[in-house]
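This report refers to the structure that appears directly beneath it.
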Amino acid sequence: AQSVAQPEDQVNVAEGNPLTVKCTYSVSGNPYLFWYVQYPNRGLQFLLKYITGDNLVKGSYGFEAEFNKSQTSFHLKKPSALVSDSALYFCAVRDAGNNRKLIWGLGTSLAVNP
Amino acid sequence: EPEVTQTPSHQVTQMGQEVILRCVPISNHLYFYWYRQILGQKVEFLVSFYNNEISEKSEIFDDQFSVERPDGSNFTLKIRSTKLEDSAMYFCASREDGEQFFGPGTRLTVL
C-alpha cells in the first residue's frame, strides 16, 4: 500500500532563515508526489509536484522540493522563510490506480517567527 | 483564475439529519473528488467521480453517502443520516488531467 509520512508535527523557524519540511514516501512503482499548503480557514492550495525529470522541483511562493529516490524522500524547502509562510503543509502521493486519488501525510504545522 | 467553490462554508446539523454539501468544480475539469479531514487527523479520500459515475470509493464511503452531478456544474455529497463521527472538514477537488484543485472546504458539525 502506498503511504506518506511527515515525521514532524511542527516546525519552527526564524524569519529569513531557510526552512525544511520533511516527507518520506512508500510506493510501488514510480512516485508522483505533491505538496499542498493550507492556510487557516482556507482550502488546500497546490504548491508543487514531482512527476519525472529534475530532482529539484520549483513551485509557488518560492518553495522548492527535492526528490531523493534512494532515501524515498521529498522534502519541501525555502531558502528564506517569511512570516506569511506560517501554515499547515501536506505532502501527498498519487495513487497508482486510474483515479489518481491522493494519499496524504498527517501534515506539518510551520511557524515562522518574526 | 478559475477555482473550485464549495457551499456552505460551515454546516451545523443534528445527528440523524440529512445534509448536502455542494461543490462547483472548475468548468473544463472531468474528474471530481471528495475528501474529508477530521480535526487533527490526515486528509482521507472518500470518492472519485468520472463520466457521471463513481469511479472509486473508500471504505469510509458507505451506504449513507452518495454523490451526484445533477447538472453541468454542481457536484454534491449527500450524507443521509449524519453521525457524530461525520463531523469533519469536507473538501471537493477537481482535475482536468494534472494536479487536483481543491475548494475551500465545508466544515460539518454534527451535534
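By convention in this document, chain letters (A, B, ...) are assigned in the order of the sequence lines, proteins followed by strands, and residues within each chain are numbered from 1. These figures come from a predicted structure and were not determined experimentally.
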### Query
Which of residues 61-73 of chain A have a heavy atom under 4.5 Å from any heavy atom of chain B?
none

### Message
Who clusters with A:Leu106? Use side-chain heavy atoms, under 4.5 angstrom, across I, L, V, M, F, W and Y, and order the result by chain and number.
### Response
none

### Query
Do B:Val110 and B:Leu39 belong to the same hydrophobic cluster, where Ile, Leu, Val, Met, Phe, Trp and Tyr are linked whenever their side-chain heavy atoms lie under 4.5 Å apart, directly or via other members?
no

### Query
Can you name the closest pair of heavy atoms from A:Phe90 and B:Val43 and give their distance?
CE2-CG2, 4.3 Å

Can you list every donor-acceptor pair under 3.5 Å that links chain A to chain B?
{"from": "A:Tyr36", "atom 1": "OH", "to": "B:Gln100", "atom 2": "O", "distance (Å)": "2.7"}
{"from": "A:Lys49", "atom 1": "NZ", "to": "B:Glu99", "atom 2": "OE1", "distance (Å)": "2.9"}
{"from": "A:Asn99", "atom 1": "O", "to": "B:Tyr33", "atom 2": "OH", "distance (Å)": "2.5"}
{"from": "A:Asn99", "atom 1": "OD1", "to": "B:Ser55", "atom 2": "OG", "distance (Å)": "2.8"}
{"from": "A:Asn99", "atom 1": "ND2", "to": "B:Ser55", "atom 2": "O", "distance (Å)": "3.2"}
{"from": "A:Asn99", "atom 1": "ND2", "to": "B:Glu56", "atom 2": "OE1", "distance (Å)": "3.0"}
{"from": "A:Arg100", "atom 1": "O", "to": "B:Gln100", "atom 2": "NE2", "distance (Å)": "2.9"}
{"from": "A:Arg100", "atom 1": "NH1", "to": "B:Asp97", "atom 2": "O", "distance (Å)": "2.6"}
{"from": "A:Lys101", "atom 1": "NZ", "to": "B:Glu56", "atom 2": "OE2", "distance (Å)": "2.5"}
{"from": "A:Leu102", "atom 1": "N", "to": "B:Tyr35", "atom 2": "OH", "distance (Å)": "2.9"}
{"from": "A:Trp104", "atom 1": "O", "to": "B:Lys42", "atom 2": "NZ", "distance (Å)": "3.4"}

### Query
According to a 4.5 Å side-chain heavy-atom criterion applied to Ile, Leu, Val, Met, Phe, Trp and Tyr, with indirect links allowed, do B:Ile20 and B:Phe61 form part of one hydrophobic cluster?
no

### Message
Tell me whether B:Phe32 shares a hydrophobic cluster with B:Leu46, the cluster being built from Ile, Leu, Val, Met, Phe, Trp, Tyr side chains joined at under 4.5 Å.
### Response
yes

### Query
A:Val4 and A:Leu76: same hydrophobic cluster, using ILVMFWY side-chain contacts below 4.5 Å?
yes

### A:Leu102 versus B:Phe45, closest heavy-atom pair with distance
O-CB, 4.4 Å

### Task
Each residue besides B:Val4 in its hydrophobic cluster should be listed here, by chain and number; the cluster joins Ile, Leu, Val, Met, Phe, Trp and Tyr at side-chain heavy-atom distances under 4.5 Å.
B:Ile26, B:Phe101

### Query
Is it the case that one hydrophobic cluster holds both A:Leu19 and A:Leu56, taking links as side-chain heavy atoms less than 4.5 Å apart, direct or via other members?
no

